[in-house]
Amino acid sequence: MEKGKQTDGDAKRDDLELFGQQSAGQYLTTDQGLRINDDQNSLKAGERGPSLLEDFILREKITHFDHERIPERAVHARGAGAHGYFQVYASQAELTQAGFLQNPAEKTPVFARFSTVAGSRGSSDMARDVRGFAVKFYTNEGIYDLVGNNMPVFFIQDAIKFPDLIHAVKPEPHNEIPQAASAHDTFWDFISLMPESLHMIMWVMSDRAMPRSLRMMEGFGVHTFRFINAQGKSRFVKFHWKPLLGVHTVAWNEAMLISGQDPDFQRRDLWEAIEIGDFPEWELGVQIVEDEDEHKFDFDLLDPTKLIPEELVPVLRIGKMVLNRNPDNYFAETEQVAFHPGHLVPGIDFTDDPLLQGRLFSYTDTQLSRLGGPNFHEIPINRTVADMHNNQRDGHMRQAIDKGGVAYSPNTLGGGCPMQAGIKMGGFVSYGETTQAYKTRGKGQKFFDHFSQAAMFFHSQSDWEQAHIVSAFQFELGKLQTAAVRERMLGMLAHVDGTLAARVATGLGIAVPESVAPPLNHAVPADARTEAYEPRPISLHVGSSAALSMANKAVEGIRSRKVAILAADGVDEVALLAMFNALFAAGAHGRVVAPRGGVLTGVGGTEIQVDHSLLTTSSVLFDAIYVPGGAGSVATLKREGAALQFIDEAYRHCKTIAATCEGCELVDAAYARSAQEGVADSSAGIILGRHAATSTVAADFIAAVALHRHWRREMKAVVV
Ligand code: HDE
């Protein structure tokens with residue numbers, strides 16, 4: 001595509017169409033195009049005779065099958081992707097010359113892939129884990145990849161520790177246990193020796209590690225990057241993705257149950273939302289720091305274990321991404337897509353963040369073994385929609401047929417082509433940062449404050465979020481076999497917050513060690529290390545930050561929420577339909593769940609299609625429950641253990657439960673009701689309209705569902 005030409009939001013779809021294959025109405029052929037007469041029987045010497053080696057059709061089919069699998073990603077193996085577009089709200093020319101951030105009329109095609117980090121390709125979506133949030137922008141200046149996560153910081157400060165981190169969290173090498181879980185000795189052994197990981201650990205132990213939906217999580221570029229405008233002025237930038245559905249998560253007990261009920265929970269949610277037109281949307285946010293302000297913070301902008309509190313630098317929302325098309329083929333698109341933080345366009349550049357610098361090497365390197373050679377940029381999903389010409393040649397699976405005899409530069413025989421582009425023609429020029437330094441394996445002084453922001457994160461959380469963090473630590477550390485690791489970790493937590501350590505210790509049934517030998521300062525080379533590591537907290541301007549609590553991230557409305565309507569024969573169909581329609585009008589989806597599949601007959605004789613039987617679904621797959629009246633329906637449901645369990649589980653997971661008329665009796669019968677005694681907010685989100693009109697209950701129900709969960713309902717259970 002010509003530079004300067006407006007990007008067409010469909011440009012990538014058109015490009016992919018060139019490679020699309022449809023078999024409808026076509027004959028079956030070999031890979032060579034030979035039509036096949038019999039695909040059911042191999043060639044044999046006689047009906048009962050030996051198979052013949054000459055059966056090239058059998059050989060081709062089996063050989064291809066034998067080579068169908070490619071290595072999964074070393075990390076982020078399990079993922080789900082979707083196509084869409086990005087549109088900037090207003091020109092960002094003052095900040096950056098990046099072409100796709102100039103013109104609000106322009107739609108830049110994108111492909112986004114979301115992932116978990118530690119689990120393998122077949123693991124569950126709901127593991128407690130960081131989520132990858134990678135976006136490929138197909139701009140007319142080439143590919144730009146923003147390869148981020150759903151948490152704004154990272155475990156380590158330097159790329160050289162990445163293999164250690166991943167070896168520690170992956171299943172242990174001797175028995176390959178546990179899958180997609182950090183609750184094991186090697187992970188916590190490593191973490192308890194790496195104080196720099198503590199801030200990220202607070203995020204991973206928070207509910208952020210279990211998003212309700214990929215559509216309801218934030219994204220972050222993590223590192224500090226640079227924006228450079230056409231005048232060459234550089235500023236620092238941090239990238240954010242803000243979901244328009246708000247930030248929501250599930251309960252840990254619920255996540256474990258979902259993993260059994262539907263390990264594809266999040267990829268199914270993404271797929272279905274796009275299929276029915278509930279297109280996921282995020283705003284792109286930027287935090288901008290002037291070059292001259294680089295050193296004004298108590299933390300180092302180059303340190304990826306620190307965030308910039310929004311109180312210090314606000315997030316400017318500059319554009320929107322909409323995902324509106326599912327891939328046609330998982331392998332061709334979601335599996336073969338290759339992201340790289342080094343895929344840049346003019347106007348965006350790196351900083352010296354030592355984690356980012358290491359990533360710049362890793363991402364091409366890993367594709368060489370994963371995708372089999374240096375031509376992975378020619379795979380349809382990875383192709384730029386900009387023109388691509390260079391003197392790179394050959395290699396495995398080369399697709400392009402480069403014409404002519406010249407493949408070097410400079411040349412005269414090829415007319416000097418392909419030509420270098422001047423800055424005005426879109427030629428990329430690295431930012432001319434001044435560097436005068438001596439070689440060292442050290443790091444900046446501010447990198448050594450490991451606990452201030454971990455504490456800031458904890459102090460920014462609401463009471464229920466803190467309670468969840470405490471029980472996450474109790475779960476993870478409670479799974480450890482090695483007592484010394486557990487104790488060392490408690491000592492580490494005490495450096496973050498004494499009450500946090502004490503609460504975790506209470507649940508573990510042990511005491512916080514009085515003096516924990518702090519881990520050695522591994523950031524200092526062994527022969528220069530003279531003293532034990534001493535945390536030196538630096539006073540922060542911001543002790544707590546409202547933007548870090550999900551309690552402050554609810555948005556209005558219940559668009560795209562799933563509500564189970566529990567019913568059986570004899571249900572009050574008027575109430576059922578009234579609630580269904582009220583939910584539909586609010587953009588949510590009611591689904592009839594009944595003791596059996598098929599069609600129910602309402603008390604007035606109306607037939608109602610069942611969406612799920614109690615056998616095939618579970619409360620953990622819904623956001624809220626409604627039980628309509630109808631004496632016959634409720635009597636049947638009261639005899640169904642699965643219906644009572646449905647209510648109980650939803651109650652435990654703090655979901656909104658509404659019922660009208662006799663439906664209230666089902667809620668009364670559930671154990672959840674009797675467990676309410678002594679709980680301060682026990683009836684929050686329980687809406688029982690014994691005599692009320694369904695429309696009144698529906699309005700209250702929708703308002704309560706919009707709060708997402710009523711987490712205080714569980715506060716009694718918190719061990720302090
Ligand atoms: Fe990655 N990371 N990473 N990472 N990462 C990969 O590249 C790596 C880091 C992230 O959906 C791999 O193509 C190193 C931070 C995402 O395809 C690999 C270091 C952040 C994805 C790799 C990091 C990320 C990856 C594996 C430390 C958030 C999935 C497959 C120096 C800002 C992209 C691949 C997708 C994938 C290396 C740290 C995000 C091995 C060496 C920090 C979202 O190259």
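In each ligand, atom 1 is the first atom listed, and ligand 1 is the first ligand listed.
Proximity of the aromatic rings of F225 and F350 is defined here by a centroid distance below 6.0 angstrom, and this criterion is not met. For F220 and F239, the gap between ring centers reaches or exceeds 6.0 Å.
Ion pairing of R383 with E378 is absent here, as no side-chain N (NZ or NE/NH1/NH2) approaches a carboxylate O to less than 4.0 Å. Classification of E283 and R317 as a salt-bridged pair holds, one side-chain N sitting under 4.0 Å from a carboxylate O.
Annotation: cation-pi pair K136/F339 present, NZ/CZ under 6.0 Å from the ring centroid and within 45° of its normal.
The salt bridge (Lys or Arg N to Asp or Glu O under 4.0 Å) test applied to D349 returns no partner, not counting sequence neighbours.
Taking a heavy-atom cut-off of under 4.0 Å, ligand 1 is surrounded by R73, V75, H76, R113, G132, F133, V147, G148, N149, F154, A159, F162, G221, V222, H223, F339, L355, R359, S362, Y363, T366, Q367.
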